[in-house]
Amino acid sequence: MAARDLQERIKKLIVERRLPSGAPLPTEPELMEHLGASRNSVREALKALQAMGIVEIRHGFGTYVGSMSFAPMIEGLAFRTVAGHYRGEDSLLQLLELREAVETGLVSRLAGRLPEADLVELAGLVDRMEREAAQGTGLAETDRAFHATLYRGLDNVLLSEVLEAFWDAFHRVQRDLVDVPQDPRVTCRQHREILDAVRSGDSLRAEGAIRDHFGNIRVRLSTTGSPRPSGTTGAQRAPEPHTRHNERV
């Protein structure tokens with residue numbers, strides 16, 4: 001039996017039995033009997049599915065339905081961008097444009113529609129960014145929290161996870177390939193404008209605020225110098241997605 005066919009049948013089993021993340025899968029002998037496959041074939045199929053985040057193999061305990069995170073997607077995006085960059089492609093700018101297209105298309109739907117509690121939380125995050133900028137500390141996690149809170153208003157978990165994946169891939173590659181100078185005061189001002197535009201209910205203003213934000217990033221990327229030595233790229237090392245950095249864009 002082909003390896004891909006085994007993987008598809010295990011995925012079908014998870015779907016048909018409505019197994020949630022963390023639920024145990026049938027034991028290895030049970031899977032062998034159910035699939036009519038050898039032990040080695042079942043193990044190889046499970047290893048492939050584990051690489052995709054679909055299953056989790058806990059040695060000594062069994063196999064469970066995985067978290068089905070976007071980690072493989074982040075790794076793929078990051079590696080593709082690094083490889084393209086070293087082939088002379090504008091791959092980092094292309095990834096930025098992907099983020100911009102998604103966020104610009106979404107922010108107008110939020111204008112005038114966010115509940116007051118979310119607006120208050122966003123205002124608090126911008127206030128925190130301004131304090132961090134004044135203190136000379138990094139804006140990384142506050143910046144990230146702002147975007148996550150903003151699009152949370154769409155009440156779409158899958159969309160939020162995709163945006164987080166784009167964020168992780170872009171910043172992992174940007175951090176490892178190039179030094180992008182940033183004026184934290186500009187970053188704070190742009191996030192304040194995004195918030196004010198969304199609060200005002202003016203969808204065109206909200207789109208413009210997002211475009212200005214990404215336009216500023218694009219200009220800074222376009223004027224950045226050569227990439228760092230290849231030994232420091234994301235292709236060679238895999239830093240934690242939530243590592244704290246001083247600069248975010």
Side-chain angles (χ1 to χ4, degrees), residues 4 7 48-54 68-108 138-141 143-148 150-151 156 158-184 186-187 190-191 193-194 206-249:
R4 178 60 63 85
Q7 294 170 33
L49 292 175
Q50 179 173 239
M52 301 176 203
I54 294 174
M68 303 185 199
S69 74
F70 281 95
M73 174 181 170
I74 295 168
E75 293 294 337
L77 274 173
F79 181 80
R80 186 184 188 285
T81 304
V82 169
H85 185 88
Y86 278 91
R87 290 195 300 266
E89 301 170 7
D90 288 332
S91 54
L92 190 56
L93 282 170
Q94 291 169 9
L95 184 54
L96 176 68
E97 288 174 356
L98 176 59
R99 285 184 56 201
E100 180 181 7
V102 173
E103 293 202 30
T104 303
L106 293 173
V107 73
S108 62
L139 310 181
E141 295 308 316
D143 192 344
R144 185 189 196 104
F146 178 91
H147 287 265
L150 178 64
Y151 295 106
N156 185 322
L158 181 60
L159 180 59
S160 295
E161 291 180 359
V162 169
L163 289 171
E164 282 280 295
F166 288 165
W167 175 286
D168 276 340
F170 180 84
H171 287 290
R172 177 181 300 186
V173 176
Q174 176 255 303
R175 175 197 63 212
D176 291 340
L177 284 182
V178 294
D179 288 307
V180 181
Q182 179 187 30
D183 184 341
V186 173
T187 300
Q190 289 178 334
H191 284 79
E193 170 59 19
I194 293 169
E207 287 184 19
I210 287 289
R211 289 189 187 281
D212 286 346
H213 180 46
F214 279 98
N216 178 263
I217 301 169
R218 186 181 298 105
V219 168
R220 287 186 283 118
L221 277 178
S222 299
T223 57
T224 300
S226 301
R228 296 174 188 170
S230 60
T232 64
T233 69
Q236 279 74 39
R237 61 186 178 93
E240 292 298 321
H242 299 295
T243 300
R244 197 175 287 272
H245 306 296
N246 288 336
E247 303 291 358
R248 290 281 183 174
V249 290

Qualifying residues under side-chain hydrogen bond (donor to acceptor under 3.5 Å, both in side chains), relative to [X], sequence neighbours excluded:
X	answer
Asn216	Arg220
Gln7	none
Glu97	none

With respect to His213, which candidate in Glu100, Gln190, Arg218 satisfies the side-chain hydrogen bond (donor to acceptor under 3.5 Å, both in side chains) definition?
->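 Exactly one pass, corresponding to Gln190.
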[X]: what forms a side chain to side chain contact (heavy atoms under 4.5 Å, CB included) with it, not counting sequence neighbours?
X	value
Asn156	Leu158, Leu159
Ser108	Ser203, Glu207
Ala71	Ser69

Where do Asp143 and Trp167 land on the side chain to side chain contact (heavy atoms under 4.5 Å, CB included) test, with the steps shown first?
-> CA-CA 11 Å; Asp143 192 344; Trp167 175 286; 3.6 Å; yes
For Glu193, salt bridge (charged side-chain N to carboxylate O under 4.0 Å, His left out) partners two or more places apart =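 Result, salt bridge (charged side-chain N to carboxylate O under 4.0 Å, His left out) vs Glu193: Arg205.
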Residues that Arg87 engages under salt bridge (charged side-chain N to carboxylate O under 4.0 Å, His left out), provided they are two or more places apart |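 Only Glu89 meet the salt bridge (charged side-chain N to carboxylate O under 4.0 Å, His left out) criterion with Arg87.
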Are the side chains of [Y] and [X] in contact, using a 4.5 Å heavy-atom criterion?
X	Y	value
Leu106	Leu163	yes
Phe70	Asp168	no
Val173	Phe79	no

Does His191 reach the main-chain N or O of Thr187 with its side chain, forming a donor-acceptor pair under 3.5 Å?
->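 Here the side-chain-to-backbone pair exists.
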What residues form a ring-ring contact (aromatic ring centres under 6.0 Å, His included) with Phe166, not counting sequence neighbours?
->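 Phe166 satisfies ring-ring contact (aromatic ring centres under 6.0 Å, His included) with no other residue.
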So how far is it from Ile74 CD1 to His171 NE2, rounded to the nearest 0.5 Å?
->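 With rounding to 0.5 Å, CD1 (Ile74) is 12.0 Å from NE2 (His171).
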Gap separating the CZ atom of Arg99 from the NE2 atom of His147, nearest 0.5 angstrom =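 It comes to 6.5 Å.
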